[in-house]
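Residue numbering restarts at 1 for every chain, and letters A, B, ... go by the order of the sequence lines. Every value quoted in this text rests on a predicted model; they were computed, and no experiment measured them.
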Amino acid sequence: MAEKYSVPRGTFDILPADSYKWQYVKKVFSEVAAQFNFQEIVTPIFEQTDVFERSVGGSSDIVQKEMYRFQDKKGRNFALRPEGTAPVVRSFVENNLGMTGGNTKLFYLGPMFRYDRPQKGRYRQFYQYGIENIGSDNPFIDAEIIAFGYAFLSKLGLKNFELEINSIGCSNCSKDYNQALVEYFTPNLDKMCSDCNERINKNPKRLLDCKVPSCKEIAKDAPNMLEYLDEDCRTHFAQVQEYLNLMNIPFKVNPRIVRGLDYYNKTAFEFLDNNLGAQNALIGGGRYNGLVEQFGGKDTPGIGFAGGFERLLLSMETEGVSFGEEPKPNVFIVAIGEKAKQLTAKLLFDLRTNGIKAEYNPDKESLKAQMKAADKEKTRFTLILGEDEIAKNSIILKEMISGEQQEIPREKLVTFLQDKLR
RNA sequence: GUGGGUGUAGUUCAACGGUAGAGCACCGGAUUGUGGUUCCGGGCGUUGUGGGUUCGAAUCCCAUCAUCCACCCCA
């Protein structure tokens with residue numbers, strides 16, 4: 001026997017039994033995007049490695065340890081995209097999308113790749129949806145982006161999620177704050193983990209996030225980021241909260257939210273589902289005002305978020321939320337005898353091209369076997385065609401749940417069914 | 001990259017170191033043109049893979065791979 005293969009570690013097949021759920025979630029996302037007036041952008045699955053190294057940053061693990069890197073035949077360096085914002089901004093600059101003025105509102109869907117240890121809600125190839133608004137620093141936009149996330153989760157029927165927001169300030173505030181953190185943590189470093197000891201120089205804010213109990217204990221009384229915001233950042237954050245309140249979107253301020261990617265500043269937020277386990281972030285996002293400039297564009301502010309489909313489906317599964325209708329045919333045809341089988345070829349085609357989802361199994365001969373097949377398809381109707389019906393140029397329509405059946409003239413069948421299925 | 005748990009039929013799970021089983025699912029049947037419920041019948045599956053211990057291994061040991069959970073990271 002030939003060797004059997006399996007999917008690469010941390011990846012998975014989306015099988016027919018589940019694929020309609022994915023379609024449903026994508027559809028809902030696209031609908032919300034349309035409501036909020038975001039247009040789709042599709043970028044390649046790989047980019048020059050630099051696109052991620054320069055932006056996502058040197059202190060982030062996803063660039064340092066988790067990127068799938070490769071060289072093409074000419075020795076150029078590429079990476080499978082580990083996240084969606086950097087490619088979108090690359091495209092924004094490359095195609096001068098900002099030239100028309102105003103806000104550029106984009107959404108994307110697709111696979112991302114990170115070489116992580118697989119775990120619940122975490123895969124090496126995972127599917128993200130995300131939105132970006134490039135062109136405005138107005139706190140109104142921050143609130144709009146957050147509202148999009150809230151609207152999307154709500155539209156899916158989810159209830160057990162929480163919104164946490166924070167402001168991590170701009171480079172101006174960070175200078176003072178980082179210094180305050182260094183001053184606070186340095187005397188305690190001998191009691192803290194090796195990661196913290198290393199990060200204090202690269203990105204001191206990350207020490208706030210550490211989950212090692214001893215570190216957590218020390219971080220508990222660390223200086224509060226919000227007290228170090230400058231005037232601009234402080235009012236910006238206050239206004240974001242005000243707009244959220246005006247929309248009746250519930251949130252909690254959590255000064256410990258620190259985004260893992262280097263390009264973030266000002267507003268940062270997460271939608272969390274605490275029933276999910278350790279990987280509990282449904283959506284994560286924030287502002288990235290310097291990023292466009294980093295990519296060689298003119299200084300343009302931006303803000304966005306990204307979320308993972310896998311966690312969304314997990315959440316929906318545990319909350320018992322509906323995934324829309326399971327796909328199935330409307331009618332199943334049962335044909336008895338060779339003549340009936342021949343007529344069924346045309347009948348099937350007529351039904352299908354008239355918008356009726358129809359199925360037939362040519363491998364089953366007996367009426368009984370075909371009825372069983374019909375039952376398994378869970379169709380609402382079965383059409384029965386045998387000698388008698390052929391002679392009368394009619395067909396029997398049976399409603400499976402009630403078991404009731406009636407005879408219908410062949411020429412009226414299509415309109416009759418279209419009417420019934422409306 | 002680190003730690004712990006688990007790998008047995010399509011699936012969910014049993015089997016004190018002594019012949020590998022059950023539910024669900026699946027297939028067939030219960031007379032001639034009617035499905036679901038019921039009844040009857042149908043299971044050799046490289047016990048993830050490779051070694052080792054033993055008279056004898058699904059069971060104990062080692063390795064390896066996969067998976068799950070946690071650390072970490074983050075969506």
Notebook entry, point to check: For A/Tyr108, what residues pass the ring-ring contact (aromatic ring centres under 6.0 Å, His included) criterion, not counting sequence neighbours?
Noted result: none

Item checked: Side-chain donor/acceptor contact of A/Gln64 with base of B/C73 under 3.5 Å -> no

Check: In whole angstroms, how far is the P atom of B/A75 from the OH atom of A/Tyr108?
Finding: 9 Å

Next item on the list: Would you state whether a donor and an acceptor, one from the side chain of A/Lys398 and one from the base of B/U34, lie under 3.5 Å apart?
Entry: yes

Note to self: Using atom C1' in both nucleotides, what's the gap between B/A58 and B/U46 to the nearest angstrom?
What the structure shows: 13 Å

Note to self: Work out how far the P atom of B/C16 is from that of B/C61, and round it to whole angstrom.
What the structure shows: 15 Å

Item checked: Interatomic distance where NZ belongs to A/Lys376 and P belongs to B/A25 [whole Å] -> 11 Å

Next item on the list: Sticking with atom C1', work out how far B/A20 lies from B/A15, rounded to a whole angstrom.
Entry: 7 Å

Item checked: With sequence neighbours excluded, residues passing side-chain hydrogen bond (donor to acceptor under 3.5 Å, both in side chains) with A/Tyr288 -> A/Glu132

Check: Checking only heavy atoms, does the side chain of A/Glu389 share a donor-acceptor pair with the base of B/G33 at less than 3.5 Å?
Finding: yes

Next item on the list: Mark yes or no for a side-chain to base donor-acceptor pair under 3.5 Å between A/Gln370 and B/U34, with no hydrogen or angle criteria applied.
Entry: no

Checklist line | Separation between the C1' atoms of B/U2 and B/C24, rounded to whole Å | finding: 39 Å

Note to self: Base of B/G35, side chain of A/Asp375 - is there a donor-acceptor contact under 3.5 Å?
What the structure shows: yes

Note to self: For a quick check, tell me whether the side chain of A/Arg117 and the base of B/C72 share a donor-acceptor pair closer than 3.5 Å.
What the structure shows: no

